[in-house]
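For reference, the structure discussed in these notes is given below.
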Amino acid sequence: MAEQGEKRRRLVLIASPLQGHMTPMLQLGSYLHSKGFSITFAHSELNPPDPSNHPDFTFLPLPAKLSDTGGSSGFIQFLQALNDNCKPHLQKHLIQIIDAQKASSQKESIVIIHDNLMFCAGSIAGDLGLPSIIVRSSSAACVPAYRIIPQLHKVGRFPVEDSLLQEMVPGLDPLRYKDIPFIGLTTQQSLKLTTLFTSKTPPVAFLWNTIEFLEQSALTQIRHRYQVPIFTIGPLHKTSPTPSNSFLEEDTSCISWLDKQSPKSVIYASVGSLATMDAKVATEMAWGLTNSNQPFLWVVRPGSVHGCDWIEFLPEDLVSEMKVKGLIVKWAPQKDVLAHSAVGGFWSHCGWNSTLESVCEGIPMLCQPFNNDQFLNARYLSHVWKMGLEIVEERGEIESAIKRLFVSKEGEEMRCRAMEIQEQIKVAVSHGGSSQNSMDDLVKFILSL
């Protein structure tokens, strides 16, 4: 399908070393390879993918001299260093690929596909005269939200005063000021990130890991602004499932534990691969889970609690009680957990990948956002899609929220709504659905370049 006469396409995919960006890019590469495209996958040496899961890809490691993602406070420096360090190596590789094509009898046109955090790829593509496509791994609603920050700053409404936090942002319904991305950062950091996330070199298209019906309003705004094709190809873990690429070792024993639980009885709690918290917050989580008397599967990522290796911050008597009522693991195979019949709710940080995975399985959510776009996603889950509850970090509130989700009429309505959305997604990813059509249109578009 990827041949047009003698013309072939080599797609060079460039992914950042964050779980929520790497995984969708690998899924996209697998789909495009299945359509006959040659795939070269460029990545930093931090959090590299496993080549054995994708034997038909050509992998290009890019020395970045980075040991971690810098945390929330150092993320801008991390992002700048990542791009600065990877840029010369990526440029060298691309020039070598171009030169090899000139000498080859089998001509291949080269197309760059990069996630928005790897902005150096766009500028290199522009310099080399190659078409570039940007992959967005966040929700579509995130873009209008962060693009409004400079405007709010000009009129004195950013940084946001406490008195404004609950007010609606003009032109961004249903978002309140507290839901704006980067709200916890300094003004300088927020404006810098807004600049970094705005493409300097216009791409020929955007790919979004979202579903058309889920974000129609935001997608309409985006299409009006950019005037280039926008392909809604999500959820990629459904349109193009691949082997797990988890950076952390998954404890699959939790599946056999789930097998012993009643249908829709378990609250699954995980705050993702990057969020961190202090011991007081984590202890409130533990008490809330325990006091709810609902079976639970709690993921406590090593190092996610400040100053602790794992769960040594919890009182021994509480740990003993928790082991009777639930299971604590260091990391879990999340997609398998959410698809399990025993899981009836997901307590999440509301990262976009986690949100999509829960929405796809019809699982209502307890929303505990930590930073960036997570507040926005939580707002959509609770206020627009009406399949989530926003919670606060206090054991009594947590206990109450879990009970509301599992045993109240409100919780039953949320579950019904979540299942309705799940059915719509099944239609979207099936033959003739919006996501599948968008995937087909993407292939045709790349062939037209």
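The first residue in the sequence is number 1, and the count goes up from there.
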Quiz prompt | Worked check of salt bridge (Lys or Arg N to Asp or Glu O under 4.0 Å) between E413 and K409 | solution = CA-CA 6 Å; E413 290 171 350; K409 186 174 185 296; 2.6 Å; yes
Quiz item: Just by distance, do the side chain of S273 and the backbone of Q19 share a donor-acceptor pair under 3.5 Å?
Solution: no
Practice problem: List for me each residue that meets side-chain contact (heavy atoms from CB on, under 4.5 Å) alongside L165, sequence neighbours excluded, and say none if there are none. | Solution: V160, D162, K178
Self-check item: Any donor-acceptor pair under 3.5 Å from W208 side chain to I233 backbone
Solution: no
Practice problem: May I ask you to decide if A141's main-chain N or O and E215's side chain share a donor-acceptor pair within less than 3.5 Å? | Solution: yes
Quiz item: Taking side chain as C-beta onward, heavy atoms only, is S16 less than 4.5 Å from F78?
Solution: no
Practice problem: Before giving the answer on side-chain contact (heavy atoms from CB on, under 4.5 Å), spell out for I211 and L356 the whole-Å C-alpha distance, their side-chain angles and the decisive distance to 0.1 Å. | Solution: CA-CA 9 Å; I211 310 106; L356 281 180; 3.8 Å; yes
Practice problem: State, without any angle test, whether Q334 and S354 hold a side-chain donor-acceptor pair at a distance under 3.5 Å. | Solution: yes
Quiz item: Quick one: are the ring centres of Y226 and F206 less than 6.0 Å apart?
Solution: yes
Quiz item: So, does D115 use its side chain to make a donor-acceptor pair with the main chain of A15 at under 3.5 Å?
Solution: no
Exercise. Give the intermediate values and the outcome of side-chain hydrogen bond (donor to acceptor under 3.5 Å, both in side chains) for residues T186 and Q189.
Key: CA-CA 5 Å; T186 68; Q189 289 172 327; 3.3 Å; yes
Practice problem: Test salt bridge (Lys or Arg N to Asp or Glu O under 4.0 Å) on K238 and E361 and set out the steps. | Solution: CA-CA 11 Å; K238 291 293 186 182; E361 301 302 336; 3.0 Å; yes
Quiz item: When you measure from the side chain of S438 to the backbone N and O of S435, does any donor-acceptor pair fall under 3.5 Å?
Solution: no
Exercise. Compare all side-chain heavy atoms of L214 with those of Y380 and state whether any distance is below 4.5 angstrom.
Key: no
Practice problem: Compute whether any side-chain donor of one residue and acceptor of the other, for T40 and R10, lie under 3.5 angstrom apart. | Solution: yes
Quiz item: Heavy atoms, side chains only, cut-off 4.5 Å: are I267 and F346 in contact?
Solution: no
Quiz item: Between F375 and R176, is there a cation-pi geometry (under 6.0 Å to ring centre, at most 45° from the normal)?
Solution: no
Quiz item: Which class fits the ring pair F59 and F57: parallel under 30°, tilted 30 to 60°, perpendicular over 60°?
Solution: tilted
Practice problem: Verify, without hydrogens or angle tests, whether E161 (side chain) and L164 (backbone) share a donor-acceptor contact under 3.5 angstrom. | Solution: no
Self-check item: Under 3.5 Å: donor-acceptor pair, side chain of T23, backbone of G20
Solution: no
Quiz item: Taking side chain as C-beta onward, heavy atoms only, is L32 less than 4.5 Å from L442?
Solution: yes
Quiz prompt | Worked verdict on R395 versus E399 for salt bridge (Lys or Arg N to Asp or Glu O under 4.0 Å) | solution = CA-CA 6 Å; R395 68 186 69 179; E399 176 188 349; over 6 Å; no
Quiz item: With a 3.5 Å cut-off and no angle check, do the side chains of H114 and S132 form a donor-acceptor pair?
Solution: no
Practice problem: Give me the one residue out of V271, I398, L405 that meets side-chain contact (heavy atoms from CB on, under 4.5 Å) with W347. | Solution: I398
Practice problem: Take R417 and E410 through the test salt bridge (Lys or Arg N to Asp or Glu O under 4.0 Å) and record every step on the way to the result. | Solution: CA-CA 11 Å; R417 177 61 181 150; E410 178 187 17; over 6 Å; no
Quiz prompt | Side-chain donor-acceptor pair present, S137, W352, cut-off under 3.5 Å | solution = no
Exercise. Please check if the side chain of D278 supplies one atom and the backbone of V281 the other of a donor-acceptor pair under 3.5 Å.
Key: yes
Quiz item: More than 12 foreign heavy atoms under 6.0 Å from CE of M277: is that the case here?
Solution: yes
Quiz item: Is there a donor-acceptor pair closer than 3.5 Å between any side-chain N or O of T290 and the backbone N or O of A286?
Solution: yes
Quiz item: Is S240 reaching over with its side chain to a backbone N or O of Q27, donor-acceptor style, under 3.5 angstrom?
Solution: yes
Quiz item: If we ignore angles and hydrogens, is there a donor and acceptor under 3.5 Å between the side chains of Q436 and S430?
Solution: no
Self-check item: Crowding at NZ, K65 (>12 non-hydrogen neighbours, <6.0 Å)
Solution: no
Quiz prompt | Presence of salt bridge, E212 and R223, under 4.0 angstrom | solution = yes
